[in-house]
Amino acid sequence: MSKLMIIAGILGLFLTFLGKAGPGIYDYYLMKDLADRVVLDYASLPMKEVMRRIEFELDRSNIKVSEETFQVRETKQGYQVLVTQRIPLVVEVGGRTLAMKGHEEMVLHYEAGK
């Protein structure tokens, strides 16, 4: 019986982790796809139109970004996009905060274009 409780506890912590990190990882892959589209498909468009399309896509997917999260720069060949997604890995259980020291957050970084 105690083995079953230990397995259930570990499974519960894993599912809690997925519940917190899963949406952030999904948002990262959506932004990564958008970054590729900006570099490949929107390269000939003016910056104002590119920003309008980016805002539309992020709003449609209900993704809130900061200046640091999704950066677009104009280059000679088109655009360069930097995506930096920070996902907190801190879990609160029974009023206590659980986190591995040095691993309080996961940082996913992607760069499209040159």
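Just so it is clear, the values below take in all heavy atoms, side chains as well, and ignore hydrogens, waters and symmetry mates.
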- Query: Which value, rounded to the nearest 0.5 Å, describes the distance between Tyr26 atom OH and Ser61 atom OG?
  - Reply: 6.5 Å
- Grab the two heavy atoms, one from Glu68 and one from Thr84, that are nearest each other, plus how far apart they are. O-CB, 3.9 Å
- Quick one: pull up OG in Ser66 and CZ in Arg86 and give me the separation to the nearest 0.5 Å. 9.0 Å
- Do Met47 and Leu82 belong together in a cluster built from hydrophobic side chains that touch within less than 4.5 Å? no
- Query: Hey, any chance Val39 and Tyr29 share a hydrophobic cluster, counting ILVMFWY side chains that come within less than 4.5 Å of each other, even indirectly?
  - Reply: yes
- Would you kindly confirm whether Met51 and Leu30 end up in one hydrophobic cluster when ILVMFWY residues are joined by side chain heavy atoms under 4.5 Å apart? yes
- Message: So which atom in Ile25 and which in Met106 form the shortest heavy-atom distance, rounded to 0.1 Å?
- Response: CD1-CE, 3.9 Å
- Task: Decide yes or no for Asp27 and Lys64: does some side-chain heavy atom of the first lie under 4.5 Å from some side-chain heavy atom of the second?
- Result: no
- For the pair Glu57 and Arg53, find out whether any cationic side-chain nitrogen is under 4.0 Å from an anionic carboxylate oxygen. no
- Task: Report the residue from Glu74, Gln71, Glu111 that forms a side chain to side chain donor-acceptor pair (under 3.5 Å) with Gln80.
- Result: Glu111
- Item | Cation-pi check, Arg73 onto Tyr79 ring (under 6.0 Å, within 45° of axis) | no
- Message: Check Asp36 with Lys32, please: is the shortest side-chain N to carboxylate O separation under 4.0 Å?
- Response: no
- Closest non-hydrogen atoms of Ala112 and Ala35, given as atom of the first, atom of the second and distance, are CB-O, 4.0 Å
- Lys/Arg N to Asp/Glu carboxylate O, Glu55 vs Arg52, below 4.0 Å: no
- State, yes or no, whether a side-chain contact exists between Gln85 and Val107 at a heavy-atom distance under 4.5 Å. no
- Message: Test side chain to side chain contact (heavy atoms under 4.5 Å, CB included) on Leu34 and Phe70; report intermediate values, then the result.
- Response: CA-CA 10 Å; Leu34 180 58; Phe70 198 89; 3.9 Å; yes
- Task: Give the cluster check for Leu4 versus Phe14: same hydrophobic cluster or not, with ILVMFWY residues linked at side-chain heavy-atom distances below 4.5 Å.
- Result: no
- How about Met31 and Leu58: do any of their side-chain heavy atoms sit closer than 4.5 Å? yes
